[in-house]
Asks: 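Provided herewith is a single structure, encoded as structure tokens, for subsequent inquiry.
Read the numbers this way: they start at 1 and go in the same order the structure lists the ligands and their atoms.
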Amino acid sequence: MLQGTPGRSTARPITFNFYSAAWQSSYSRHLVVEPRRLQSPKSALDNRSAGLGLSLQHKDSPKARLVTMAAYTKPTEKDYESLVLRLHEIQAVKFGDFKLKSGIQSPVYIDLRAIVSYPDVMQQVAATMWAKVEGCKFDNLCGVPYTALPIATTMSLEHNVPMLMRRKEVKDYGTRKAIEGNVKEGETCLVVEDLVTSGASVMETVDPLKSVGLQVKDVVVLIDREQGGEARLQSHGLQLHSAFPLSLILQVLVSHKLVDEALANKVRAFIADNQVGTQQSNQAPAPAAAAKPKRQSYEQRAEVAKNAVSKQLLNLMAKKKTNLAIAADVASTKQLLALADQVGPHICVFKTHVDILDTWNAEVQGELQSLAEKHDFLIFEDRKFADIGSTVVAQYSGGLYRIADWAHITNAHLVPGPGIIQGLKQVGLEKGRGLLLLAEMSSKGHLATGSYTQAVAAAAEEHQDFVAGFISQTPSSWQPQSSPGLIHMTPGVQLAKGGDNLGQQYNTPQSVIGGAGSDVIIVGRGIYGASDPRETAQQYQEAGWSAYLASVSA
Ligand SMILES: O=c1ccn([C@@H]2O[C@H](COP(=O)(O)O)[C@@H](O)[C@H]2O)c(=O)[nH]1
């Protein structure tokens, strides 16, 4: 039992059941207890909609922080308004002239990271967001790291809904799980986010949740910048519930004369001009960054591609709506062919390491080629040639594997110099084959950087009749825009960032296609190691394709 004492002004003494003895003993000696929006003190702690809250204030210091412990109350219009004002007051929503990470100047800047320092704001945010999804059915909730994690935690504790956590980085030791918590396959999960612009970061949480067998249908966000994120999430079957569209925030601030009409119109114009799919937008300010130009579509690039294979691949990707390549690093030929048939409808490229296989002969080669025709994908033998010209001629055309006979694409390091390209071209050009040059690698500490990568870019430019593109990691940081016909394929991709214990490093489809500017994601263990490779390939296909759509010009 906690006995309240009169506060400095309006509080009346009140006695009621308190659920924590620890709180009673540690706080009752020091705190003044005030009832807040009191309706029914007896039932309030049992009935969360009754609306009881406590304000706890330090007795000896009038300026001491107020600790509120409000049970959930459905917010009223006034509450919505007061939350907007409070967000403005704590500078979570700012107006002025801000340079975004993309280099674009923005008249509005939203940064909700600081709300952790204001428990009253955190509580109102959680209550407001909860009210938006009260009618939805979900078994769990999961916040998008990091800002939305405490919001999700508050909702979880307040409403007794189990929470799951997505790791931003998957460790390369231990369980290597992307989703932490008690996952029950088939259950539904609400995704909680603080701010939506394009919806890309929401998808980075939705994809791993789905890959562990959860269903995701609803996403709740505090602020929607109204730049196209809602439509994009809808295209993935997700319903966005936003507490505050940016236009509503503007309306409230204008009505309180905190923002003048001219500035509000400037913000509205900025939002209209910066819809996802017309220009790159980003929240984090980074003064030095330059604006990222939109990329050409795969079809547009196919028209200017100088190599037969890159032309074919760009057209195939556009037609099949997939930029997914599978790295089929399985040991048995039987598994290889079964995998090709399973994931065939979702991929543009089937990548092999033929020297891993237990069997290779003309029959297996023929079966793989038939599957490539059946499902319309190209075969890429990841041979990584690295010898002098005359040796690679023999290795590519002959030996046990006769790679040039069946692989549409192969690849090479440029360590030996341009002679390696000339040698491979001598064999492959007349067969209509294409070569990828390894410009960068995915493994920790690799040496393909700086001037080496630049030299690879220059060699590819020079041999565009045979060079189809690159194996790369960060193409937009070094590839000149002058050769849109060259394709970038990126290995080291999984639905969550992480790595293995031998130096492999993983990035997500969104960061590889949208952020780094690559064209094709190469996924191995993330797909063939999954319990249902077909379904998982489909998830990667969707993730890669939506990242592509968001990065091309309208
Ligand atoms: O820099 C490189 C070049 C090639 N690879 C190859 O890609 C796959 C990746 O497989 P995961 O299971 O998805 O890690 C594999 O065949 C590598 O040989 C690469 O990872 N990095």
Asks: Check whether any side-chain N or O of Lys320 sits under 3.5 Å from a backbone N or O of Asp376 as a donor-acceptor pair, and report yes or no.
Replies: yes
Asks: Got an N/O contact under 3.5 Å between Val493 and ligand 1?
Replies: no
Asks: Counting only heavy atoms closer than 4.0 Å, does ligand 1 sit against the backbone of His446, its side chain, both, or neither?
Replies: neither
Asks: Measure Gln473 to ligand 1 on non-hydrogen atoms and call it side chain, backbone, both or neither using the 4.0 Å cut-off.
Replies: neither
Asks: Could you check atom 1 (O) of ligand 1 against the protein and tell me its nearest heavy-atom contact, residue, atom and distance included?
Replies: Ser442 N, 2.9 Å
Asks: Could you identify the single nearest non-hydrogen protein atom to atom 18 (O) of ligand 1 and state the distance to 0.1 Å?
Replies: His353 NE2, 2.9 Å
Asks: Would you mind running through ligand 1 and noting each atom that sits below 4.0 Å from a heavy atom of Tyr506?
Replies: 11 (P), 12 (O), 13 (O), 14 (O)
Asks: Any side-chain donor paired with an acceptor under 3.5 Å for Thr352 and Glu381?
Replies: yes
Asks: Just need the protein heavy atom nearest to atom 4 (C) of ligand 1, so name the residue and atom and give the distance.
Replies: Lys384 NZ, 3.4 Å
Asks: Are more than 12 heavy atoms from other residues, nucleotides or ligands located less than 6.0 Å from atom NZ of Lys384?
Replies: yes
Asks: Output yes when a side-chain donor or acceptor of Ser518 lies under 3.5 Å from a complementary backbone atom of His488, and no otherwise.
Replies: yes
Asks: Less than 4.5 Å apart, any side-chain heavy atom of Leu209 and any of Ile179?
Replies: yes
Asks: Quick check on contacts: which atoms of ligand 1 are under 4.0 angstrom from a heavy atom of Met441?
Replies: 1 (O), 2 (C), 3 (C)
Asks: Nearest to atom 9 (C) of ligand 1, what protein heavy atom do you find, and at what distance?
Replies: Gln504 NE2, 3.7 Å
Asks: Could you identify the single nearest non-hydrogen protein atom to atom 13 (O) of ligand 1 and state the distance to 0.1 Å?
Replies: Gly524 N, 2.9 Å
Asks: Go through the side-chain N and O atoms of Asp341 and His375 and say whether any donor and acceptor fall under 3.5 Å apart.
Replies: yes
Asks: Which residue, Trp360, Phe350, Tyr396, forms the ring pair (Phe, Tyr, Trp, His ring centres under 6.0 Å) with Trp406?
Replies: Trp360
Asks: For the residue pair Ser483 / Glu461, report whether a side-chain donor-acceptor contact shorter than 3.5 Å exists.
Replies: yes
Asks: Would you kindly specify which portion of Gln494 sits under 4.0 Å from ligand 1, judged on non-hydrogen atoms: side chain, backbone, both or neither?
Replies: neither
Asks: Between Asp382 and ligand 1, which part of the residue brings a heavy atom under 4.0 Å of the ligand: side chain, backbone, both or neither?
Replies: side chain
Asks: Return yes if a side-chain donor-acceptor contact under 3.5 Å exists between Asn140 and Glu187, otherwise no.
Replies: yes
Asks: So which protein heavy atom does atom 8 (C) of ligand 1 come closest to, and at what separation?
Replies: Ala327 CB, 3.7 Å
Asks: Atom 15 (C) of ligand 1: which protein heavy atom is closest, and how many Å away?
Replies: Asp329 OD2, 3.1 Å
Asks: Can you figure out which of Pro491, Gly499, Ser443 has its heavy atom closest to atom 3 (C) of ligand 1?
Replies: Pro491
Asks: With no hydrogens and no angle check, just 3.5 Å: does a side-chain donor-acceptor pair link Arg383 and Thr410?
Replies: no
Asks: Could you list the atoms of ligand 1 found under 4.0 angstrom from a heavy atom of Arg525?
Replies: 11 (P), 12 (O), 13 (O), 14 (O)
